[in-house]
Protein chains: 2
Amino acid sequence: MTQARRESGGRPRRPTMVDVAREAGVALRTVSRVVNQDPTVGPEYVTKVEAAIAALNYRPDDRARQLRTGVTGTIGAAVRRIAEVNPELAAIERTARDAGLTLFAASTDFDEKREHDILISMCRQRLDGIIVEPFGENHAYLQPELDAGVPLVAMDRPMSGISVDCVMSDNASGIGMAFHHLHRHGHRRIAYIGDSERVYSGRERAAAFRAALGAHGEPVEGLVHPGEITPERVAAALDTALHGPNPATALVTGNMDTTLAVLRHLGPQSASRLALVAFDEVPLADLLQPALTVIAQQTTEIGRTAVELLRARIVDPARPVQSVVVPVTLKVRGSGEVPV
Amino acid sequence: MTQARRESGGRPRRPTMVDVAREAGVALRTVSRVVNQDPTVGPEYVTKVEAAIAALNYRPDDRARQLRTGVTGTIGAAVRRIAEVNPELAAIERTARDAGLTLFAASTDFDEKREHDILISMCRQRLDGIIVEPFGENHAYLQPELDAGVPLVAMDRPMSGISVDCVMSDNASGIGMAFHHLHRHGHRRIAYIGDSERVYSGRERAAAFRAALGAHGEPVEGLVHPGEITPERVAAALDTALHGPNPATALVTGNMDTTLAVLRHLGPQSASRLALVAFDEVPLADLLQPALTVIAQQTTEIGRTAVELLRARIVDPARPVQSVVVPVTLKVRGSGEVPV
DNA sequence: GCTCCTCGGGATAACGTTATCGCGAGGATA
DNA sequence: TATCCTCGCGATAACGTTATCCCGAGGAGC
């Protein structure tokens, strides 16, 4: 009786509640009650229905249940890459699971159109809420969705054009800590290479670095290099900073990809002659020589907070929009303590 | 007109096709035709309906559509970790997208119960198909789902207890290539440390290594160390292999986590005195000193093939079960060419 | 012994979409 | 001018579930 019947040459049709009810000799509604563990069902009915369920290999259809109840028990996460190291996403999945929510994750893949498509698709699926690591520059197209009550939380960066809950790292403090750490180790010519100022975090970190230079009375020229993260651009910035008239003795990198580009360009031999503090953790940072001193984001806390903000928004769509800033920490491992 | 009406203090209700039809003064079915771009609709109706859609910010409900049509346009992927480096998953997402399919990915998290829950949940959601990187030891509980016509493909490892399509790397050849590469560089005492033989790939790779030793007339004792991947176990295996009466001069590691444990235990200084070929790519392998020589899996090809097998299974549920073995390649970078 | 209440189960109407069918208008043909 | 298509839209029934009623049986109270 395991073979499901096929309908006219197509795929086999799964048994429904109606089939189970017929098999058990009870009403449709009673099967629903048993499936949902309604305590008002008599034990002999429970037995009969469960036997029928087992005999038919009945499996409830979540789509129908969701359509009827209105909730999906699922939240969406639109992040830049799901299949890369992404501790925030891991924390989101864990927190969601603990809250009894299913997570639906998709990669925006550094593509504005793809981000748009994914978010709209999530809206059409009527997910209970959406967490997005924004990439695009204008999210005003989501305003109708917000008006319609779609719970939305931004992670890592705020969204532009709309007002939504947001959780992100304390970029300015992190850059300040990196600068201060190198300054305390005697460095005076400290350079910064980071992401383009077109990107929010790139903008914020470059600004913080300029402010740190100013606060310590250091000149700015030739030391701050935001821009696209290509090997060529990073190499050029590095050459300007290190081989100019007044060469830098220390470097702060603004994000992981910049850090990797710098390490690859420096090569093994010269990497140990430059003091380096990197913003953001790098996989295997402890296996490099010297091991990498980093400003680490509290990624788990960020992911957890994103889910909590979303859950609060789901419960109360009218609550005031909230922004959470999570502190960063300095992890001393060697590369940041290279003397002048 | 952007504010959606609320129903008795709850969440705002999104407009439906009925609302659009009323607003446009046409029949429900006509709205459906416009939304689905049915060419048999007169242009003046299209205009009216599209105006109503824009005015109400109507967004179709995919759940209802899926319930009605039977297909979801979504495939599921149950992998061990979504938020870690996982090129197979990246390839799956890309291939699925190119085929017009949405990907729903979830982490089994090295937990047999969690794997079970995820797979059953995917069945209840009536996804069009499922790709699984199996972890558990017995998947016979999926037989009813297979009988019901759920398309299922295994990736990286076969499934036990049921017969499903499968795509995986040529483990045996890879281990053979690693051994042969070291042998050709003059090494005669070559050790192997890898995953437990409880795991399919661990079993297959350890067996292949024993076979390689035998084929070259080398003794086996003290050289083959499968087991749990804990720092302590790997360290003990390493000590046995390197400091025994007849110490090994070269090492093959059976997977990424073992490789990392070995590198961490050896430390920077001694890593360059042991010839090492690692099975599976390691992130930043090129930045290590010496850079890591690896047996690389064709991860993109594996992910792509998994989706193709699944699509073929969806189209023809009755087609014979197929197993695809993808070759591996040797990537020479330095660590495998350390002389005796 | 009759009424009232409670308790457990059944019929039926949603949820929002698509598929099937039918029907009226208009043009082509005889 | 009558008939037959064809074309384009509308009414209505599903899809598989849950929620809202209602009803019948049984026990308690007078």
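What you are looking at is a predicted structure, and each value in this text was computed from that prediction instead of being measured. In what follows, chains carry the letters A, B, and so on, assigned in the order in which the sequence lines appear, proteins first and then strands, with residues in each chain numbered from 1.
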Indicate yes or no for a side-chain donor-acceptor contact from [X] to the backbone of [Y] under 3.5 Å, with no hydrogens or angles considered.
| X | Y | value |
| --- | --- | --- |
| A:Arg157 | A:Ala154 | no |
| A:Gln322 | A:Asp165 | no |
| B:Arg59 | A:Glu145 | no |

- [ ] For the residue pair B:Tyr141 and B:His116, categorise the inter-ring angle as parallel (less than 30°), tilted (30 to 60°) or perpendicular (more than 60°).
- [x]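 Ring orientation of B:Tyr141 relative to B:His116: tilted.
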- [ ] Would you mind reading off the distance between B:Tyr45 atom OH and D:dG8 atom C1', rounded to a whole angstrom?
- [x]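 Rounded to the whole Å, the gap is 8 Å.
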Open item on the list: Without decimals, in angstroms, what is the distance between A:Glu44 CD and C:dG8 P?
Closed with: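 Computing the A:Glu44:CD to C:dG8:P distance gives 10 Å.
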Task: Letter per nucleotide, 5' to 3', of nucleotides 13-23 of chain C [B base touched, S only sugar-phosphate touched, - untouched; heavy atoms, 4.0 Å] - done: BBBBBBBB---
Open item on the list: To the nearest 0.5 Å, what is the distance between CZ on B:Arg124 and CZ on B:Arg126?
Closed with: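 Nearest 0.5 Å value for the CZ-CZ distance: 8.5 Å.
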